[in-house]
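The structure under discussion appears below in the form of structure tokens.
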Amino acid sequence: MRARHLAGLAGGGVALLGLAVAALAQGGGEPQRAIPDPQSGRHFATPETLEIQDDDFQNPAFLWVEEGERAWSHAEGSAGKSCASCHGDAAESMKGVRARYPAFDAKKGRVVTLEQRVNICREENMGAPPLRIDSRPLNAMTTYLGLQSRGMPVQVDISGPARPFFDKGEDFYNTRRGQLDMRCGSCHEDNFGRHLRADLLSQGMSNGFPTYRLKEQRVISLQYRLQGCVNDVRGQAPPMGGEEFTNLEFYLAWRAQGLPVETPAVRR
Ligand code: HEC
Ligand code: HEC
């Protein structure tokens, strides 16, 4: 009797332990993607736009690439160094970097975007002033860096200390905002493939950034695009380069996980 009782308890114990393990795996483990099979914005672009994107000689973003390439080996700041002084050939040292950014920076104790990482090197390793987010020279550098990862799958690490930043980005994504009281997913999950006035709504994937925007005739950074989206719902957009958009950008990279980096994409 007693033995049976114990055996029953042991069985229950194992089941409970199993539940605890499952709960742990859920809490710290993989969150679920609303769109498990993401599609790049290129699926929603017109053939005319794609023709420009797919031809490096036609794609105007390559003017930014060339500018970034020149800046790469141009010494600046009090240390008299260029990026190349420390990182050598970008085609080797920067390959894959864009695909895994934003990333947790242990020294800063937070997630940083590629833009911020460039500015950290400028300030701390070159003694040069940071570049303004979405300015031409910074977009030129990140477009040049992004190109070194073209075709590689987006793969960010949201585990461990990065997770709280991811969770905040996810919250931002799912919060209704603006006079129109819409979430990001109201357009990019519930209505992709449909028209919003002249625009064909995509899934709002970030794998093509920085991107050449035909309407603006310039390369734009992801956070500039995000400001546009928040303005579209008549909301108050947080500043580019700030914590909220950085966490959102981190969440967006995870949403786009597995899509190839397409920097520099072309959009209308
Ligand atoms: C004095 C040397 C030095 C210079 C100059 C320098 N960096 Fe860095 N950079 C580093 C070091 C060291 C790291 C490693 C990250 C760390 O601090 O832990 C790094 C990291 C990076 C990373 C992140 C790479 C990764 O794998 O996560 C990028 C991107 C980067 N640098 C870009 C640049 C750019 C662009 C410039 C020029 C504007 C530049 N760096 C100038 C030393 C330098
Ligand atoms: C009112 C509808 C609407 C809402 C809400 C909205 N967007 Fe957008 N978004 C657009 C339109 C229109 C475009 C341009 C066409 C396209 O790619 O969908 C766009 C483009 C984008 C792109 C660029 C896609 C590409 O391939 O170039 C990203 C990334 C994006 N949105 C993210 C977001 C995020 C994050 C939010 C929430 C903060 C958001 N959007 C909210 C309408 C919206």
Side-chain angles (χ1 to χ4, degrees), residues 39-45 68 71-77 79-87 90 93-98 100-108 112-128 130-131 137-138 141-142 144-145 148 169 172-178 180-213 215 220 222-223 225-235 237-238 244-245 248-249 251-253 255-256 259 262 265-268:
Q39 283 182 305
S40 163
R42 67 173 288 131
H43 285 277
F44 304 88
W72 177 260
S73 44
H74 175 73
E76 232 188 300
K81 291 209 157 89
S82 72
C83 315
S85 317
C86 295
H87 293 291
S93 63
M94 293 293 138
K95 195 179 164 77
V97 171
R98 156 75 173 84
R100 56 184 169 73
Y101 266 74
F104 185 75
D105 183 314
K107 272 190 227 154
K108 299 280 170 200
V112 299
T113 60
L114 192 54
E115 277 86 354
Q116 289 164 344
R117 181 62 246 191
V118 169
N119 274 337
I120 292 170
C121 272
R122 287 181 57 90
E123 289 190 271
E124 296 177 8
N125 291 321
M126 295 165 74
L131 300 170
L138 189 52
M141 180 56 76
T142 50
Y144 174 62
L145 296 181
Q148 313 309 319
F172 191 101
Y173 188 89
N174 288 320
T175 300
R176 294 182 171 277
R177 63 189 74 244
L180 303 187
D181 195 33
M182 288 170 103
R183 319 154 37 236
C184 305
S186 306
C187 286
H188 295 299
E189 281 164 7
D190 304 344
N191 283 300
F192 66 81
R194 297 208 185 133
H195 274 93
L196 178 73
R197 291 181 291 273
D199 288 312
L200 183 60
L201 281 170
S202 73
Q203 296 177 346
M205 294 295 163
S206 56
N207 58 309
F209 283 85
T211 286
Y212 187 84
R213 185 126 193 245
K215 219 191 258 176
I220 61 165
L222 175 58
Q223 297 198 0
R225 171 72 250 187
L226 297 179
Q227 281 204 328
C229 283
V230 177
N231 291 338
D232 276 355
V233 298
R234 296 192 214 124
E244 286 155 297
F245 268 175
L248 178 61
E249 185 170 338
Y251 176 75
L252 291 179
R255 267 187 99 232
L259 288 178
E262 274 175 37
V266 176
R267 299 283 182 263
R268 67 177 286 277

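Everything numeric here is computed off the predicted structure, so don't read it as measured data. The analysis underlying the following values was restricted to heavy atoms, covering all of them including side chains, and did not include hydrogens, waters or symmetry mates. Both counts, for ligands and for their atoms, begin at 1 and track the order of listing.
The residues E189 and R255 are annotated as salt-bridged, a charged nitrogen and a carboxylate oxygen being separated by less than 4.0 angstrom.
When non-hydrogen atoms are compared, ligand 2 lies under 4.0 Å from neither the backbone nor the side chain of R42. When heavy-atom distances to ligand 1 are checked against a 4.0 Å cut-off, C83 comes that close through both its backbone and its side chain. Neither the backbone nor the side chain of F44 has a heavy atom within less than 4.0 Å of ligand 2. Proximity of D199 to ligand 2, defined as any heavy-atom pair under 4.0 Å, is confined to the side chain (atoms from C-beta onward). Residue S82 touches ligand 1 through its backbone alone, judged by heavy-atom distances below 4.0 Å. Contact annotation: for R183 versus ligand 2, heavy atoms closer than 4.0 Å belong to the backbone alone. With a heavy-atom cut-off of 4.0 Å, I120 does not touch ligand 1 at all.
Checked by atom type and distance alone, the side chain of Q148 never pairs as donor or acceptor with a backbone atom of L145 at under 3.5 Å. Side-chain atoms of D105 come within 3.5 Å of backbone N or O of K107 as a donor-acceptor pair. In this structure a side-chain-to-backbone donor-acceptor pair under 3.5 Å is missing from R98 to Y144.
Within the 4.0 Å cut-off (strictly below), no protein heavy atom is located near atom 14 (C) of ligand 1. Within a 4.0 Å radius of atom 29 (C) of ligand 1, the protein has at least one heavy atom.
Per-residue contacts place L200 under 4.0 angstrom from the following atoms of ligand 2 (heavy atoms of the residue considered): 15 (C), 16 (C), 18 (O). Residue Y101 approaches ligand 1 through these ligand atoms, each under 4.0 Å from one of its heavy atoms: 23 (C), 25 (C), 27 (O). With ligand atoms numbered from 1 in the order given, ligand 1 contributes 5 (C), 37 (C), 38 (C), 41 (C) to contacts under 4.0 Å with heavy atoms of M126. Using a 4.0 Å cut-off to heavy atoms of K107, the atoms of ligand 1 that qualify are 16 (C), 17 (O), 18 (O). Remark: ligand 2 atoms within the under-4.0 Å shell around heavy atoms of S202 are 16 (C), 17 (O), 18 (O), 24 (C).
For atom 23 (C) of ligand 2, the nearest non-hydrogen atom from the set Y251, F245, F209 comes from F209. Nearest to atom 32 (C) of ligand 2 by heavy-atom distance, out of L226, L201, V230, D181, is L226. Considering R117, Q148, M141 only, the shortest heavy-atom separation from atom 22 (C) of ligand 1 involves R117.
Atom 8 (Fe) of ligand 2 has an N, O or S atom of H188 closer than 2.8 Å. Residue contact annotation: C187 places no N/O/S atom under 2.8 Å from atom 8 (Fe) of ligand 2.
At a 3.5 angstrom cut-off on N or O pairs, W72 does not count as close to ligand 1. Distances between N or O atoms of K81 and those of ligand 1 include no value under 3.5 Å. Residue contacts with ligand 1: H87 is placed with a nitrogen or oxygen under 3.5 Å of a nitrogen or oxygen of the ligand (distance criterion only).
T211 does not count as a contact of ligand 2, since none of its heavy atoms falls under 4.0 Å from the ligand. Heavy atoms of D105 stay at 4.0 angstrom or farther from ligand 1. Distances shorter than 4.0 angstrom do not occur between any heavy atom of E124 and any atom of ligand 1. Contact annotation: L180 has no heavy atom less than 4.0 Å from any atom of ligand 2. Remark: distances from the non-hydrogen atoms of L222 to ligand 2 include one below 4.0 Å.
Annotation: the span from E244 atom CD to Q223 atom CD amounts to 10.5 Å, rounded to 0.5 Å.
Shortest contact from atom 36 (C) of ligand 2 to any protein heavy atom: C184 SG, 2.9 Å. Looking only at protein heavy atoms, the nearest one to atom 24 (C) of ligand 2 is M205 O, 3.5 Å. Atom 39 (C) of ligand 2 has its closest protein heavy atom at C229 CB, 3.4 Å. Among protein heavy atoms, the minimum distance from atom 25 (C) of ligand 2 is reached at R267 NE, 3.4 Å.
In terms of heavy-atom proximity, S186 sits nearest to N191 at O-ND2, 2.9 Å.
Taking the six-membered ring where tryptophan is involved, the planes of Y251 and Y173 are tilted, since the angle between them lies from 30° to 60°.
Looking only at side-chain heavy atoms (C-beta outward), N119 and L138 come within less than 4.5 Å of each other.
Remark: R267 fails to qualify as a cation-pi partner of F209 under the 6.0 Å distance and 45° angle criteria applied to the six-membered ring.
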